[in-house]
Amino acid sequence: MKIIKASLSDYNVIHAIALTTWHATYNDILSPDQMEYMLEMMYSNEAIADQIAIKGHHFLLAEEEGEYLGFASYELNSLSETTKLHKLYVLPQAHGKGVGKALVTVIQNAAKSNNNNKIILNVNKHNPAINFYLKSGFINKGEDIIDIGNGYIMDDYLMMKEL
């Protein structure tokens, strides 16, 4: 498995993985309208371009034998000495293959190389990925409810890992 840096030219791959993983993960958690709203807000071509070019997010793709299995995005120094893991999605058929772990390892190494001593992330309170993060050394630091507009909120846990 290879972890490669993604760019705007990889938008279609990122978008396709997002659609598949979001429906698998959130169909029983979010309403169809909220899911559509959030996918547009976070995964439109314009949103990804803004995240890369303006916000400085780094996108990674996990690839094995020509097949893309997942992606992640992160932001170095989102807070003092802190990297924020914004997105981590692995296709359902690739769960258990170490894809998430490989993506987190690359992000941890980037964080350390940039003198960041912790990684933070938000995860929906009902997302089964919480277990993955706990096994990966993250701890639950409490609740984080975020108004994302259009009458919707993200009802998350804030998680952190010391490096």
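All values below were derived from every heavy atom in this structure, side-chain atoms included, with hydrogens, water molecules and symmetry-related copies excluded. As the structure is a prediction and not an experimental result, all values here were calculated from the model.
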Using 0.5 Å steps for rounding, measure from the [atom1] atom of [X] to the [atom2] atom of [Y].
{"X": "Asn115", "Y": "Leu163", "atom1": "CG", "atom2": "CG", "value": "11.5 Å"}
{"X": "Ile17", "Y": "Thr20", "atom1": "CD1", "atom2": "OG1", "value": "8.0 Å"}
{"X": "Tyr43", "Y": "His15", "atom1": "OH", "atom2": "NE2", "value": "9.5 Å"}
{"X": "Asn116", "Y": "Ser80", "atom1": "CG", "atom2": "OG", "value": "8.5 Å"}
{"X": "Ile52", "Y": "Ser7", "atom1": "CD1", "atom2": "OG", "value": "6.5 Å"}
{"X": "Ile48", "Y": "Met42", "atom1": "CD1", "atom2": "CE", "value": "10.0 Å"}

Is [X] reaching over with its side chain to a backbone N or O of [Y], donor-acceptor style, under 3.5 angstrom?
{"X": "Ser113", "Y": "Ala111", "answer": "no"}
{"X": "Asn27", "Y": "Ala24", "answer": "no"}
{"X": "Gln34", "Y": "Gly151", "answer": "no"}
{"X": "Tyr11", "Y": "Asn45", "answer": "yes"}
{"X": "Asp147", "Y": "Ile153", "answer": "no"}

Would you say [X] and [Y] are hydrophobically clustered, going by side-chain heavy atoms of ILVMFWY under 4.5 Å?
{"X": "Leu8", "Y": "Ile4", "answer": "yes"}
{"X": "Leu19", "Y": "Leu69", "answer": "no"}
{"X": "Val99", "Y": "Leu91", "answer": "no"}
{"X": "Leu85", "Y": "Ile130", "answer": "yes"}
{"X": "Ile146", "Y": "Ile29", "answer": "yes"}

What pair of heavy atoms forms the shortest contact from [X] to [Y], and how long is it?
{"X": "Ala47", "Y": "Met41", "result": "CB-O, 3.2 Å"}
{"X": "Leu88", "Y": "Ala72", "result": "CD1-CB, 3.8 Å"}
{"X": "Leu61", "Y": "Leu103", "result": "C-CD2, 4.5 Å"}
{"X": "Ile119", "Y": "Gln108", "result": "CD1-CG, 3.6 Å"}
{"X": "Ile14", "Y": "Ala6", "result": "CD1-CB, 4.2 Å"}
{"X": "Phe71", "Y": "Ala18", "result": "CE2-N, 3.9 Å"}

Any chance [atom1] of [X] has more than 12 other-residue heavy atoms, nucleotides or ligands included, within less than 6.0 Å?
{"X": "Asn150", "atom1": "CG", "value": "yes"}
{"X": "Lys135", "atom1": "NZ", "value": "no"}
{"X": "Glu64", "atom1": "CD", "value": "yes"}

Taking the side chain as everything from C-beta on, heavy atoms only, tell me whether [X] gets closer than 4.5 Å to [Y].
{"X": "Met35", "Y": "Leu39", "answer": "yes"}
{"X": "Val123", "Y": "Phe132", "answer": "no"}
{"X": "Val90", "Y": "Thr21", "answer": "no"}
{"X": "Phe59", "Y": "Lys5", "answer": "no"}
{"X": "Leu121", "Y": "Tyr133", "answer": "yes"}
{"X": "Thr83", "Y": "Asn114", "answer": "no"}
{"X": "Asn122", "Y": "Asp144", "answer": "yes"}
{"X": "Met38", "Y": "Ile148", "answer": "yes"}

Phe138 and its side chain to side chain contact (heavy atoms under 4.5 Å, CB included) partner, picked from Glu162, Lys118, Met159: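 Looking at Glu162, Lys118, Met159, the match for Phe138 under the side chain to side chain contact (heavy atoms under 4.5 Å, CB included) is Met159.
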Residue among Lys55, Gln51, His57 satisfying side chain to side chain contact (heavy atoms under 4.5 Å, CB included) with His86: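 Answer to the side chain to side chain contact (heavy atoms under 4.5 Å, CB included) test with His86 among Lys55, Gln51, His57: His57.
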Parallel, tilted or perpendicular, as decided by the 30° and 60° cut-offs, for the rings of Trp22 and Tyr89: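 Correct class here is tilted.
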Worked check of side-chain contact (heavy atoms from CB on, under 4.5 Å) between Leu60 and Ile107: CA-CA 9 Å; Leu60 302 171; Ile107 294 166; 3.8 Å; yes
Side-chain donor-acceptor contact under 3.5 Å, Glu81 with Asn117: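 The answer is yes; a qualifying pair exists.
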NZ/NE/NH1/NH2 to OD/OE distance under 4.0 Å, Lys84 and Glu75: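 Here Lys84 does not pair with Glu75 in a salt bridge, since their nearest N and O are not under 4.0 Å apart.
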Verdict with supporting geometry, Asn124 and Met154, side-chain contact (heavy atoms from CB on, under 4.5 Å): CA-CA 7 Å; Asn124 182 286; Met154 292 193 324; over 6 Å; no
Evaluation steps, side-chain hydrogen bond (donor to acceptor under 3.5 Å, both in side chains), between Tyr157 and Asn127: CA-CA 10 Å; Tyr157 290 126; Asn127 188 333; over 6 Å; no
Proximity of Tyr74 and His58 rings by center, below 6.0 Å: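 Yes, ring centres under 6.0 Å apart.
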From CA spacing to verdict: side-chain contact (heavy atoms from CB on, under 4.5 Å), Asp33, Tyr152: CA-CA 10 Å; Asp33 288 342; Tyr152 299 122; 3.3 Å; yes
